[in-house]
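Just follow the structure's listing: the first ligand is 1, and inside any ligand the first atom is 1. The structure displayed is predicted, hence computed values, not measured ones.
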Amino acid sequence: MPLNPKFQAQMNFPTYLRTYLFLKESHHWSKERLERYQLQQIKKLIHHAYHHVPYYKKVFDECNIHPADITSIADFQKIPFLTKDLVKKNRDTLKAQNYPAHTFETYYTGGSTGHPLQFYIKKGKYFATMRAYGTIQNEWTHRHFLDKSLVIIGQKDLFKTARFGRTLSVSSFNINDPDIPLILQKMKALQPNYILSYPSSLSKLAMYIKTNNIQSIPHVKNIVCIAEVLYPWQRTLIQDTFHGRVYEHYCQRESVAFGLTCTNTPYFHLFPQFGFVELIGKDGQHIQNEDEIGEIVGTSLLNDVFPFIRYKIGDLGMYTSQQCTCGCHYPLLKKIEGRTQEIALSKTQQPFSLTGLYDLVSRSTHHIKECQFYQDTAGTLILNIVKTTDFTDKDHDLIQKNFQNLFGDRLDLILRFVDHIPLTQSGKYRFFIQKLPTECIQY
Ligand SMILES: [Zn+2]
């Protein structure tokens, strides 16, 4: 995760080193030892939350839970979920009382759902810890110190360089047709071995290279996709264009879950030292069936100044009980399946997950540059499309036909042609904009 230089300056080096060395050592722990460690950390967190965080004192008392009663994960599951709405309403009482005010720092989520969430972190410690995880991420994805790197993220300047010109950062806001030729020129001059990017930005570059029959950049060894869901068509396009090995990284500012794919598998390894991750089904219970999709709920083991306990991140994931062949015993998540907000409502108010719909569009036509679904009326979905000059009525009809095969008459689709798809404040792409009130939409 790239860090803001302002925060890097605040970094606490002993915390960084301690975290890094602990991650190196615990990487080799057995499954049982990792589980024991997590339970021990959870118990410590619950005890701290009950005695120092007014919100949890109230919630535990209301639910008749005492920290001493939590002796297993089954006990832990009695604690009610924390949601983004609850965080907004209880921000002050979620703050731990046993730390002086000057040790806190305000922090925000990127606001990819349109509303940034404000919370608190511990000055110096948070960024040092995240930096240690960043170092581990570099090691897992084989980023060598001397590698020339291309980074595409949401930033103000079109270009920024670092590490004596060996890292080129490009703004995801500028990945559009007028700027792409210059960006490609810079990329070719750099010849990066390593790319870290939002998948939507890199796919747009790949699409441009393919459509205009341009020679791609050689020598890319490793590509890390961050911050957005990587759709299968994007993975194929990126791999075919840049030829490097593709890794995925999953994390959030609230720091409740940290996932990385490894060289052996495209499944996410969830770091148990970072957070305790649960996959919750519609019945509110843990999912235990292979390939079943559930809501990702995370408990941060890093941030005790503002504890996120059983926090509904707003993402969906696919369960697997498999273990990776790389020898690491971290639990795996087969896929991140998109956000819980990616749920549309049918004419009869039934919820429908839009997962896989992007692939349906890309299977129907190659003549679109980008697209985004939008809903403000139950039963109707709008598909905003930035088309290429080759887009014809045939493409239009095929999208409609494939959509109807999937949804029948439960959802109508309207195609609209637009000049561009706006990005979020953090420069990320969103696949679906849901304007219906969130209380109507239950996963
Ligand atoms: Zn592995």
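Counting only distances under 2.8 Å, and ignoring water, the protein N, O or S atoms around the Zn ion (ligand 1) are Cys262 SG, His269 NE2, Cys324 SG, Cys326 SG.
The salt bridge (charged side-chain N to carboxylate O under 4.0 Å, His left out) pairs that include a residue from residues 234-244 are Arg235-Glu248, where partners are two or more places apart or lie in different chains. For residues 210-222, no pair satisfies salt bridge (charged side-chain N to carboxylate O under 4.0 Å, His left out), with sequence neighbours left out.
Ring geometry, Tyr50 versus Phe60: the interplanar angle falls under 30°, so the pair is classed parallel (tilted spans 30 to 60°). By the 30° and 60° cut-offs, the orientation of the rings of Tyr37 relative to Phe22 is tilted.
Tested against His269, the residues Phe274, Trp140, Tyr330 include a single ring-ring contact (aromatic ring centres under 6.0 Å, His included) partner, Trp140.
Applying the ring-ring contact (aromatic ring centres under 6.0 Å, His included) rule to Phe403 yields the partners Phe407; only residues at least two apart in sequence or on another chain are considered.
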